[in-house]
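Have a look at the structure below before the remarks.
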Amino acid sequence: MLLESGPRLGMVGGGQLARMSAAPASALGIEFWVLAAHADESAAQVVQHVMLGSHENVEDLRDFAASVDVMTFDHEHVPPDHLRQLQAMGVAVRPGPDALIFAQDKLRMRQMLTEAGLRCPAWAQVWSAADVEHFAQSNGWPVVLKTSRGGYDGKGVWVIEHLDQVQQVLETSLPPDAVWLVEAHVRFTRELCAQVARSPHGQAVAYPVVQTMQRDGVCAEVISPAPDLDPERAVSAQAMALHIADLLDVTGMLAVEMFDDGEHLYVNELAMRPHNSGHWSIDGSVTSQFENHLRAVLDLPLGSPRALAPYAVMVNILGGDVGDLYSAYRHVLARDPGIKVHLYGKAVRPGRKVGHVTCIGDDLPSLLERARHAADYFSGTIDH
Ligand code: ADP
């Protein structure tokens, strides 16, 4: 039985983030709605209140808004003008379009961070190969070319070694009206992520700063907390994320992806939703990022982000040769009673994120071995 007096919460997007948000919504007795594109999407399979429609269609968004009191997102792709129309209808849109734009548009994000005096890679907007060459003359090759909008999981990001490659990327990769920026290629030793939750009246909590490892632009592994991170630097990363959340009036979860070159931290990207870097928190913290996102957008008091063990390791399960993921359960669960498996109900395709595993404890090398083994077994890179 749900709490009859509570608000109805709607999440736009039916992916795995919405699916993982459904569990704490159920635990808290919150009526949880999802706007999904298809009935077989990850969240649509498990959520009772699903509306089918497109996040790009303002009529669909309006219909969805009419069913909910507070609207939030499992991705960043809803056009800001649509969100303003919903706000005008009286719907609480969290995060709001004025904050979300900085997670949608990398050029706007770089401009804002630079104005705020926050360190990020050297960058410039570019219109032509000559502009990129000019930038590389001062910053050196390689450079990183990015489209301002629409990228995710490394799509829309190209590391460019020579001028010859630039024209081809600019001409063939995207619509002719794409906005481009170029960045210095940061020689980082590792990537970090600082996540915070912030509510409309300004309460905020910071999760431990994690280390993330990407493969082919896709998050592969997360270790919480980032090993051997100087406590002062960890606190300054958390303080920076809290500062950005406050500056932009973010409501819900904010992830600040960073590069660590051993000397400085550079902000790479912002995400205003639960994030792959925080999946460990479902099994590894007092209050998961999904629960705190719900609490934050509903303006409820936030839960403790405290870790339950010295380390948590999360490894993504990427689609491989094995179509039937269930066939891996007997081995994975029998081998390791401490491992937690999360599958997203997505069709297996090579390289696609279809789930993740987490284990928590105090022996980091053993946690890494256990989590990698389980993920590899699901992906079929270990013989069944
Ligand atoms: P996405 O929109 O896919 O999240 P990102 O801007 O986060 O795109 O880039 C994806 C990955 O590309 C990063 O996680 C990092 O590994 C690499 N990358 C992006 N920008 C830079 C940079 N300026 N220097 C070095 N590596 C970068």
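Computed from a predicted structure; not experimentally measured. Just so you know, ligand 1 is whichever comes first in the structure, and atom 1 is the first atom listed for that ligand. Residue numbers run from 1 in the order of the sequence given.
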Applying a strict 4.0 Å limit to heavy atoms, is Phe259 in contact with ligand 1?
->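 Contact present.
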Is there a heavy atom in Arg187 that sits closer than 4.0 Å to ligand 1?
-> no
Mark up the atoms of ligand 1 that fall under 4.0 Å of a heavy atom belonging to [X], in ascending order.
X	result
Val144	20 (N), 21 (C), 22 (C), 23 (N), 24 (N)
Glu183	20 (N), 22 (C), 23 (N)
Phe188	16 (O), 25 (C), 26 (N)
Glu191	13 (C), 14 (O), 15 (C), 16 (O)
Ala184	22 (C), 23 (N), 24 (N)
Glu257	7 (O)

Under 6.0 Å between ring centres, would you say that holds for [X] and [Y]?
X	Y	value
His264	Phe259	no
Tyr377	His331	yes
His75	His55	yes

Which atoms form the tightest heavy-atom contact between Met11 and Ser21, and what is the distance?
-> CE-OG, 3.4 Å
For the 3.5 Å polar cut-off, considering only N or O atoms, please tell me whether [X] and ligand 1 meet it.
X	value
Val186	yes
Gly217	no
Gln214	no

Please answer: with hydrophobic residues joined when any side-chain heavy atoms are less than 4.5 Å apart, are Val209 and Leu265 in the same cluster?
-> yes
Does a side-chain N-to-carboxylate-O contact under 4.0 Å join Glu257 and Lys106?
->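 Looking at Glu257 and Lys106, the cut-off is not met.
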With a 4.0 Å cut-off, would you call Arg198 and Asp246 a salt bridge?
->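 The answer is yes: the pair qualifies as a salt bridge.
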Is there a side-chain hydrogen bond (donor to acceptor under 3.5 Å, both in side chains) between Asp362 and Tyr311 once you walk through the steps?
-> CA-CA 6 Å; Asp362 48 18; Tyr311 285 108; over 6 Å; no
Would you kindly specify which portion of Val159 sits under 4.0 Å from ligand 1, judged on non-hydrogen atoms: side chain, backbone, both or neither?
-> neither
